[in-house]
Protein chains: 2
Amino acid sequence: MPAAGEHHPAFEEYCECIFELKEDDVDVIQARIAERLQVSRPAVSEMMRRLESEGLITTDGGIRLTRAGQDLAERVVRRHRLAERFLTDVLQLSWAEAHHEAGRWEHVMSESVEAAMDRLLGSPTTCPHGNPIPGSDYIEPDASPLSSVDVGAKFVISRIPEELEFTPGLLEFLEESALVPGTNGTVTAISPDGTLTLEIGGHHVGVGAFASSRILVSA
Amino acid sequence: MPAAGEHHPAFEEYCECIFELKEDDVDVIQARIAERLQVSRPAVSEMMRRLESEGLITTDGGIRLTRAGQDLAERVVRRHRLAERFLTDVLQLSWAEAHHEAGRWEHVMSESVEAAMDRLLGSPTTCPHGNPIPGSDYIEPDASPLSSVDVGAKFVISRIPEELEFTPGLLEFLEESALVPGTNGTVTAISPDGTLTLEIGGHHVGVGAFASSRILVSA
DNA sequence: ACGGATTGTAAAGGTTCCCTAACGTCCGGT
DNA sequence: ACCGGACGTTAGGGAACCTTTACAATCCGT
């Protein structure tokens, strides 16, 4: 079915997953991949063998994308994040809807659509959650975890990593709470368990310890 | 993999095919489906059994879509044609590219994207080739085959049926020759084998007998 | 140092969707 | 009346991708 040069959705999905695990600074091991893709560990084991024999990854001393695997992953991630931008900015979908939709579009968009969408959107550098779009001229800002901000300090939301998209409902909550890249707020309290209370756009929101340690902010 | 209520791409593909065969006034038989979908006859035979057991078609006295099958087909065709409009009008893709792309998008677009795209495009009633978009308020114009126009008579292109998308390169040719819905022209000659010569936008184009018998025009 | 959790793998199997080869049926023209 | 073609189906098989069950290896806290 896939034409010459194209790649199976499954290959794309696995390479993308490996790419994002690395991006999120999570150990790139089969067990993590199985969790993110919601498949059994044997399925991942088998697929790793296939990906290796296809030259998309190497497995000596940890799973790593080859040049070809990295290219494929970046293409998929780029399309995913461009699609998310399009779906939120132009079609006005919510974060959550856009994310799910983009998860399908990424395997289906052609190169010309990718280019046309990039043009239409004015070559954006990040997805709606602030994650960089591969191939764009994104400049990594000075950012630190929200959890490292002191009580009373101001901050600007910089980036909500892919990782948090796996907690059901969290994205919706963050979007509704105006916790979106570019917004600024203040930390008003820190609970001993790491939960932060923030003041953003006039209202107060509690953010759990895990999410706080992952969300990146700048001063 | 498909969530509850969703349908497998294969089911969608077959129902869409049946829908379009009917629309093109072609006998809805397995052999035609096999041709259009480029699969073997046994593959179609097997799938017909599956579609019937899923309640999407009936086969007593010819293949016919059930209510559910018709709904599914219309949804898919609607998404295909909306996508084509979007891809040509907004992203400036060529007919051919848009058609191929839409063939993948149709299985991937969610209901909210369908709605948002419809809004963005101003509820179009036809695809770029003039085929009606199911669910729109398309009004069938008085149209007759291009082949029935007399020499010297003027006409306006109304519709290029799906059928012609299966002749490789024909769509590209028609688009480049300005043979697009809404354009008007004149028949300047008819060859005995049915080939027409048209004058459109200042230049002359020959159109074969088969294409002429399928392309619809109004006066 | 040990026992429980985490991780990877092997074995066997299932579904979906497709293929080729081969057969039987039916229909229209000579 | 017969024969070639078109059509549908049976039989057998295969690739992709997933599952559950079970078993080794490895890591880690007390």
Side-chain angles (χ1 to χ4, degrees), chain A residues 1-18 21-22 24-64 69 72-73 76 103-104 106-108 166, chain B residues 1-18 21-22 26-64 69 72-73 76 103-104 106-108 166:
Chain A
M1 184 90 183
E6 283 184 30
H7 275 284
H8 311 282
F11 287 180
E12 298 187 346
E13 203 76 41
Y14 278 88
C15 285
E16 179 188 25
C17 181
I18 292 167
L21 283 172
K22 183 126 188 239
D24 287 349
D25 245 320
V26 176
D27 272 2
V28 183
I29 61 174
Q30 295 191 10
R32 294 301 131 259
I33 298 174
E35 282 169 13
R36 288 222 179 175
L37 296 184
Q38 308 251 60
V39 297
S40 66
R41 275 177 294 130
V44 177
S45 185
E46 186 188 328
M47 190 57 85
M48 291 303 104
R49 223 173 311 117
R50 294 224 283 138
L51 290 180
E52 181 156 35
S53 82
E54 291 284 327
L56 294 170
I57 63 171
T58 57
T59 54
D60 13 280
I63 297 167
R64 287 222 320 277
L72 177 58
V76 174
R104 276 172 276 131
E106 65 192 6
H107 305 299
V108 140
F166 296 93
Chain B
M1 187 89 184
E6 284 183 30
H7 274 285
H8 312 281
F11 286 179
E12 297 187 346
E13 204 75 41
Y14 279 88
C15 286
E16 179 189 25
C17 181
I18 292 168
L21 282 172
K22 183 123 187 242
V26 176
D27 271 3
V28 183
I29 62 174
Q30 294 190 10
R32 296 300 132 260
I33 299 174
E35 281 167 16
R36 287 222 179 177
L37 296 184
Q38 309 248 62
V39 296
S40 66
R41 274 176 294 131
V44 177
S45 184
E46 185 188 328
M47 189 57 86
M48 290 303 103
R49 223 174 309 119
R50 295 223 282 138
L51 289 179
E52 179 155 36
S53 83
E54 291 284 329
L56 293 170
I57 64 173
T58 57
T59 53
D60 12 281
I63 297 167
R64 286 225 320 277
L72 178 56
V76 175
R104 277 171 275 131
E106 65 192 8
H107 305 298
V108 138
F166 296 94

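Below, chain A is the first sequence line, B the second, and so on; all start at residue 1.
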Identify, with sequence neighbours excluded, every residue that meets side-chain contact (heavy atoms from CB on, under 4.5 Å) alongside [X].
X: B:Val108; value: A:Arg104, A:Trp105, A:Val108
X: A:Ile29; value: A:Asp27, A:Ala31, A:Arg32
X: A:Asp60; value: A:Glu52, A:Thr58

Query raised in the report: Counting just side-chain N and O atoms, does B:Tyr14 come under 4.0 Å of either OP1 or OP2 of C:dT16?
Result: no

Starting at [atom1] of [X] and ending at [atom2] of [N], how long is that distance when rounded to a whole Å?
X: B:Asp60; N: D:dG8; atom1: CG; atom2: P; value: 15 Å
X: A:Met48; N: C:dG8; atom1: CE; atom2: P; value: 10 Å
X: A:Phe11; N: D:dC18; atom1: CZ; atom2: P; value: 10 Å
X: B:Ile33; N: D:dT9; atom1: CD1; atom2: P; value: 11 Å
X: A:Leu51; N: D:dC18; atom1: CG; atom2: C1'; value: 15 Å
X: A:Glu12; N: D:dA16; atom1: CD; atom2: P; value: 16 Å
X: A:Arg49; N: C:dA11; atom1: CZ; atom2: P; value: 10 Å
X: A:Glu13; N: D:dA16; atom1: CD; atom2: C1'; value: 15 Å

Report task. List for me each residue that meets side-chain hydrogen bond (donor to acceptor under 3.5 Å, both in side chains) alongside B:Gln30, sequence neighbours excluded, and say none if there are none. Result -> none

Query - Which residues share a side-chain hydrogen bond (donor to acceptor under 3.5 Å, both in side chains) with A:Glu106, sequence neighbours left out - result: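 Once residues adjacent in sequence are excluded, the partners of A:Glu106 under the side-chain hydrogen bond (donor to acceptor under 3.5 Å, both in side chains) criterion are A:His80.
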
Query - Atom pair OH (B:Tyr14) and CD1 (B:Ile57), whose distance is rounded to the nearest 0.5 Å - result: 10.5 Å

Report task. Please collect all side chain to side chain donor-acceptor pair (under 3.5 Å) contacts where either partner lies in residues 36-46 of chain B, sequence neighbours excluded, each pair once. Result ->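 Qualifying pairs: B:Asp24-B:Arg36.
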
Report summary line: All heavy atoms of B:Leu56 vs all of B:Phe11, minimum pair found to be CD1-CD1, 4.0 Å

Query raised in the report: Hey, does B:Met47 reach any base, or is it just sugar-phosphate, or nothing, if we go heavy atoms under 4.0 Å?
Result: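 Counting heavy atoms under 4.0 Å across all strands, the contact made by B:Met47 is with sugar-phosphate only.
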
Report task. Can you spot which of B:Val39, B:Val26, B:Ile18 makes a side chain to side chain contact (heavy atoms under 4.5 Å, CB included) with B:Ile33? Result -> B:Ile18

Pairwise N/O distances under 3.5 Å, protein to nucleotides 19-24 of chain D:
unit_1 : atom_1 : unit_2  : atom_2 : d
D:dT19 : OP1    : A:Ser40 : N      : 3.4
D:dT19 : OP2    : A:Ser40 : N      : 2.8
D:dT19 : OP2    : A:Ser40 : OG     : 2.6

Requested in this report: Could you identify which residues of residues 24-32 of chain A place a heavy atom less than 4.0 Å from some atom of DNA chain D, listed by residue number, or say none?
Outcome: none

